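What follows is a single structure, written as structure tokens, with notes after it.
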Amino acid sequence: MKKKLHIGRDNTGATTIVVVCVMAIIMALSLGLFLTASVLLSTSGRTLALEQSRILAVSFSEEVERMLTDERYSFESRSGEEAGRAENINGQSLWHYVKQNINEGTWAYLEEGQGSLHSRENAVRSFQMEQSGAVGEVVGIELSMYWTRQEDSDRPEKLVVKTTATIKDQSCTITDVYDLEITSLGDYEKWSWKHVEKK
């Protein structure tokens, strides 16, 4: 009888070890599933933020394109341009801003290797839109522009506009290139920006 009791105690110890091992395996599998779910959630959050930033950058770049190429900025005379400037009660339009700053010589063209005046630091104009968004979400839009000149002339040839949208820690940049067509109408130069590239 003593031998039977002794065998029963050995089985109880072995059963306890098996139960502990099974519990450890179940706990490890549960932690693995939790980790996988956490990684998938984090990845989907980043993917969503990246897609939202891409949509925002594309939308804003299309709005900038409209502001530069709209037919209402196809002025035929200086008086028409001044009347168009006066119509903008909310401030100066982007089209007027670009033309005025280039014509007045207050905005240097970009040409690498042509001294500090025409360096990227001096030639690129940047504008930061006010950051906003839902709780815990940072949304920012930055617009940077520079222009290049025609060869052997100080007349503008191309305008490059980069639109960067950032949501949380994900950002997307859209680059638009515009060619300038200048038509002389007596003493007035008609400026028309034509969108030629988006990347």
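In this text, all values refer to a predicted model and were calculated from it rather than measured experimentally.
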Task: Co-members of L33 in a cluster of I, L, V, M, F, W and Y side chains, linked at under 4.5 Å - done: none

TODO: Quick one: pull up CG in L143 and CZ in F60 and give me the separation to the nearest 0.5 Å.
DONE: 5.5 Å

Open item on the list: I need the single residue from K194, K158, H195 that forms a side chain to side chain contact (heavy atoms under 4.5 Å, CB included) with V177. Which is it?
Closed with: K158

- [ ] Report the distance from atom OG1 of T47 to atom CD of Q170, rounding to the nearest 0.5 Å.
- [x] 8.0 Å

Open item on the list: Contact between K190 and S74 at the side-chain level, heavy atoms closer than 4.5 Å - yes or no?
Closed with: yes

Task: Shared hydrophobic cluster for Y109 and Y97 (ILVMFWY, side-chain gaps under 4.5 Å) - done: yes

Task: Hphob cluster co-occupancy, L35 + I26, side-chain heavy atoms under 4.5 angstrom - done: no

Open item on the list: Can you give me the closest heavy-atom contact between W193 and L180, atom names plus distance?
Closed with: CZ3-CB, 3.4 Å

Task: Which atom of S144 lies closest to which atom of S126, heavy atoms considered - done: CB-OG, 3.5 Å

TODO: Compare every heavy atom of A57 with every heavy atom of T163, then report the nearest pair and how far apart it is.
DONE: CG2-O, 3.8 Å

TODO: Mind running side-chain contact (heavy atoms from CB on, under 4.5 Å) on F75 and R85 for me, showing each step along the way?
DONE: CA-CA 11 Å; F75 302 110; R85 188 187 314 268; over 6 Å; no

TODO: Look at R78 together with E81 and state whether they make a salt bridge at an N to O cut-off of under 4.0 Å.
DONE: no

- [ ] Take T148 and V160 through the side-chain contact (heavy atoms from CB on, under 4.5 Å) test and state the conclusion after the steps.
- [x] CA-CA 8 Å; T148 58; V160 179; 5.6 Å; no

Open item on the list: If hydrophobic residues (ILVMFWY) are linked whenever their side-chain heavy atoms come closer than 4.5 Å, directly or via other members, who joins I55 in its cluster?
Closed with: none

Task: Side chains of F127 and L94 in contact at under 4.5 Å (non-hydrogen atoms) - done: no

TODO: Considering non-hydrogen atoms only, spot the tightest contact between P156 and W191 and give its length.
DONE: CG-CH2, 3.7 Å

Task: The single option from E111, H118, E157 passing side chain to side chain donor-acceptor pair (under 3.5 Å) against R149 - done: E111

Open item on the list: Rounded at 0.5 Å granularity, tell me how far OH in Y188 sits from OG1 in T183.
Closed with: 10.0 Å

TODO: Kindly indicate whether the side chain of V98, heavy atoms from C-beta on, has any atom under 4.5 Å from the side chain of Y178.
DONE: no

Task: salt_bridge(R155, E189) N-O dist < 4.0 Å - done: yes

Open item on the list: Evaluate L50 against R54 for side-chain contact (heavy atoms from CB on, under 4.5 Å), listing each step before the verdict.
Closed with: CA-CA 6 Å; L50 183 61; R54 188 189 68 75; 5.8 Å; no

TODO: Verify the cluster assignment for V64 and V58: are they in a single hydrophobic cluster under the rule of side-chain heavy atoms below 4.5 Å apart?
DONE: no

Task: Non-hydrogen side-chain atoms of R125 and N101 separated by less than 4.5 Å - done: yes

Task: Distance, nearest 0.5 Å, that separates CE of M67 from CZ of R72 - done: 9.5 Å

Open item on the list: Please check: side-chain N/O of S38 versus main-chain N/O of F34, any donor-acceptor pairing under 3.5 Å?
Closed with: no

Open item on the list: I need the L31 CG to T36 OG1 distance, nearest 0.5 Å.
Closed with: 10.5 Å

- [ ] Grab the two heavy atoms, one from M145 and one from W107, that are nearest each other, plus how far apart they are.
- [x] O-CZ2, 3.5 Å

TODO: Decide yes or no on side chain to side chain donor-acceptor pair (under 3.5 Å) for T164 and T173, but give the supporting numbers first.
DONE: CA-CA 4 Å; T164 303; T173 300; 3.0 Å; yes

TODO: Could you tell me whether K198 atom NZ has more than 12 heavy atoms of other residues or ligands within 6.0 Å of it?
DONE: yes

TODO: First locate atom CG of D70, then atom CD of E65, and finally report the distance between them rounded to the nearest 0.5 Å.
DONE: 10.5 Å

TODO: Begin from the C-alpha positions of L68 and L159 and carry the test side-chain contact (heavy atoms from CB on, under 4.5 Å) through to its verdict.
DONE: CA-CA 10 Å; L68 288 170; L159 178 70; 3.8 Å; yes

Task: Nearest heavy-atom neighbours spanning I167 and A49 - done: O-CB, 3.8 Å

